[in-house]
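The structure appears below as structure tokens.
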Number of protein chains: 2
Amino acid sequence: MTEQQNRVDKFKRSPCPVACTLDIIGDKWTLLVVRDLFAGKKTYSEFQHSPEKIPTNILADRLKRLVKNGIIVKEPYQSHPVRYQYLLTAKGRELGLVLKAMLQWGEKHIPGSKALMHPVQDKREELKS
Amino acid sequence: MTEQQNRVDKFKRSPCPVACTLDIIGDKWTLLVVRDLFAGKKTYSEFQHSPEKIPTNILADRLKRLVKNGIIVKEPYQSHPVRYQYLLTAKGRELGLVLKAMLQWGEKHIPGSKALMHPVQDKREELKS
DNA sequence: AGCAGTTAATTGCAAATTGCAAGTAACTGC
DNA sequence: GCAGTTACTTGCAATTTGCAATTAACTGCT
């Protein structure tokens, strides 16, 4: 088996980028965690307290998968009671467009739904130290 | 119970448009059917023959849900052997941006994945390099 | 007329995933 | 020393998924 075949084999269902993306984020919870990260949430308990009330075992699983797929990183922000924070990587931040498209579709087509805040705000000021 | 409460109650998890959108399209298969519709596929068997090989009971279920949510319509395109076609509504076509965002994210971040075709092709673009 | 083939499903069942409750471990603050 | 917080894990029932087989209604071939 060649390297190319190895690469092909790792596509779970097909080489279609939509299918591959869905293999990573195609479920009811993953993008809600990403949404929370865009909203500035960082810790396990912050995610747990979001209005959708994600079950704790699902949250633990999704965080693991997001780390495995390079969308977030997990790092301790304090040792003594060791506490972890989860941060979006560049790859994860680029899911902002997916989130934004869903948010806009939802706001337009699901009457009564209302965004608490928008991800990927157009802020042109990031070069400040 | 007031009308407002009725409206609130119908949100499955929260009024967040991202969560509401995920309640409709947040699974591994639904958006693949929508992708196929963007690719010009219209019939049950065309969806079945896509490379991901969606199980037939899942396909039947997802088509029902897409109809129920106003994303597609089902109509006979011939009577005698009565045959059905499924067509995107305006609401469904507006999922093109979600699909496009996923496609671009996948192409960029999943090495080897390659789009067979792009939904929502922007006719006016890509003159610069 | 008989039979294979196509389309659009439904049914049955095992396996996997989800959702809920409870429990755990390490620590803090009173 | 005891309640509270954080970040989980475990157990288990319920739901969903995936696969195979089957069905119903027709067409086209011989």
Side-chain angles (χ1 to χ4, degrees), chain A residues 11-14 16 19-20 22-34 36-37 40-69 72-88, chain B residues 11-14 16 19-20 22-34 36-37 39-69 71-88:
Chain A
F11 297 126
K12 290 192 187 76
R13 294 185 293 181
S14 83
C16 170
C20 292
L22 287 169
D23 284 332
I24 297 172
I25 58 162
D27 72 286
K28 282 193 160 31
W29 294 109
T30 302
L31 280 178
L32 290 184
V33 176
V34 176
D36 285 349
L37 285 157
K41 295 182 182 175
K42 290 178 178 62
T43 63
Y44 197 90
S45 57
E46 283 178 310
F47 303 135
Q48 273 192 303
H49 292 115
S50 281
E52 293 85 10
K53 292 283 169 285
I54 183 168
T56 176
N57 55 339
I58 304 282
L59 177 56
D61 176 77
R62 294 306 186 272
L63 287 170
K64 250 176 224 159
R65 286 173 48 180
L66 286 168
V67 168
K68 201 186 71 190
N69 287 300
I72 61 174
V73 287
K74 174 184 184 174
E75 56 176 46
Y77 66 91
Q78 69 172 52
S79 40
H80 241 317
V82 61
R83 292 289 143 84
Y84 301 102
Q85 63 182 353
Y86 298 89
L87 301 171
L88 286 167
Chain B
F11 297 126
K12 289 192 188 76
R13 294 186 292 181
S14 82
C16 170
C20 293
L22 287 170
D23 284 331
I24 296 172
I25 58 162
D27 71 287
K28 281 193 158 35
W29 294 108
T30 301
L31 280 178
L32 290 184
V33 176
V34 176
D36 284 350
L37 285 157
K41 296 182 182 175
K42 290 176 178 60
T43 63
Y44 197 91
S45 57
E46 283 178 311
F47 303 135
Q48 273 193 303
H49 292 115
S50 281
E52 293 85 9
K53 293 283 167 284
I54 183 169
T56 176
N57 55 342
I58 304 281
L59 176 56
D61 176 76
R62 293 306 186 273
L63 288 170
K64 250 176 225 159
R65 287 173 46 178
L66 285 168
V67 168
K68 202 186 70 190
N69 286 300
I71 288 161
I72 61 175
V73 287
K74 174 185 184 173
E75 58 175 47
Y77 66 91
Q78 68 171 54
S79 42
H80 247 300
V82 62
R83 291 290 141 82
Y84 301 102
Q85 64 182 351
Y86 298 88
L87 301 171
L88 286 168

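Quick caveat, the model's predicted, so the values are computed rather than measured. The chains referred to below are lettered A, B, ... by the order of the sequence lines, with proteins before strands, and numbering in each begins at 1. No hydrogens, no waters, no symmetry mates; every other heavy atom, side chains included, goes into these values.
Residues meeting the side-chain hydrogen bond (donor to acceptor under 3.5 Å, both in side chains) test with A:Tyr44, sequence neighbours left out: A:Thr56. In this structure A:Gln85 satisfies the side chain to side chain contact (heavy atoms under 4.5 Å, CB included) test together with A:Lys42, A:Glu75, A:Tyr77, A:Leu87, sequence neighbours excluded. In this view, A:Lys64 satisfies the side chain to side chain contact (heavy atoms under 4.5 Å, CB included) rule with no residue, not counting sequence neighbours. Checked against side chain to side chain contact (heavy atoms under 4.5 Å, CB included), A:Lys28 has the following partners two or more places apart in sequence or in another chain: B:Arg13, B:Asp23, B:Arg65.
Across all strands shown, C:dC30 forms a Watson-Crick or G-U wobble pair, both distances under 3.5 Å, with D:dG1.
The phosphate of C:dT17 has neither OP1 nor OP2 within less than 4.0 Å of any side-chain N or O from A:Trp29. For A:Tyr86 and D:dC8, the shortest distance from a side-chain N or O to OP1 or OP2 is below 4.0 Å. Residue B:Ser45 places at least one side-chain N or O closer than 4.0 Å to OP1 or OP2 of C:dA8.
Taking every heavy atom of residues 55-67 of chain B and every atom of DNA chain C, pairs under 4.0 Å involve B:Thr56, B:Asn57, B:Ala60, B:Lys64, by number.
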Which pairs, protein N/O on one side and nucleotides 23-28 of chain C N/O on the other, fall under 3.5 Å?
none

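Cation-pi geometry between B:Lys74 and B:Tyr84 is met: under 6.0 angstrom from the ring centre, within 45 degrees of the axis.
At the heavy-atom level, A:Lys74 lies under 4.0 Å from the strands shown only through sugar-phosphate atoms.
The separation between B:Gln78 atom CD and D:dA25 atom P is 16 Å, rounded to whole Å.
Rounded to the nearest 0.5 Å, atoms CG (B:Leu22) and CG (A:Leu32) are 5.0 Å apart.
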query = Passes side chain to side chain contact (heavy atoms under 4.5 Å, CB included), A:Asp27 versus A:Arg62? Steps please.
reply = CA-CA 10 Å; A:Asp27 72 286; A:Arg62 294 306 186 272; 2.9 Å; yes
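For B:Thr43 and B:Arg13, each mapped to the nucleotide of DNA chain C holding its nearest heavy atom, the one lying further toward the 5' end belongs to B:Thr43.
For the 3.5 Å distance criterion, the side chains of B:Gln48 and B:Ser45 fail to qualify, holding no donor opposite an acceptor.
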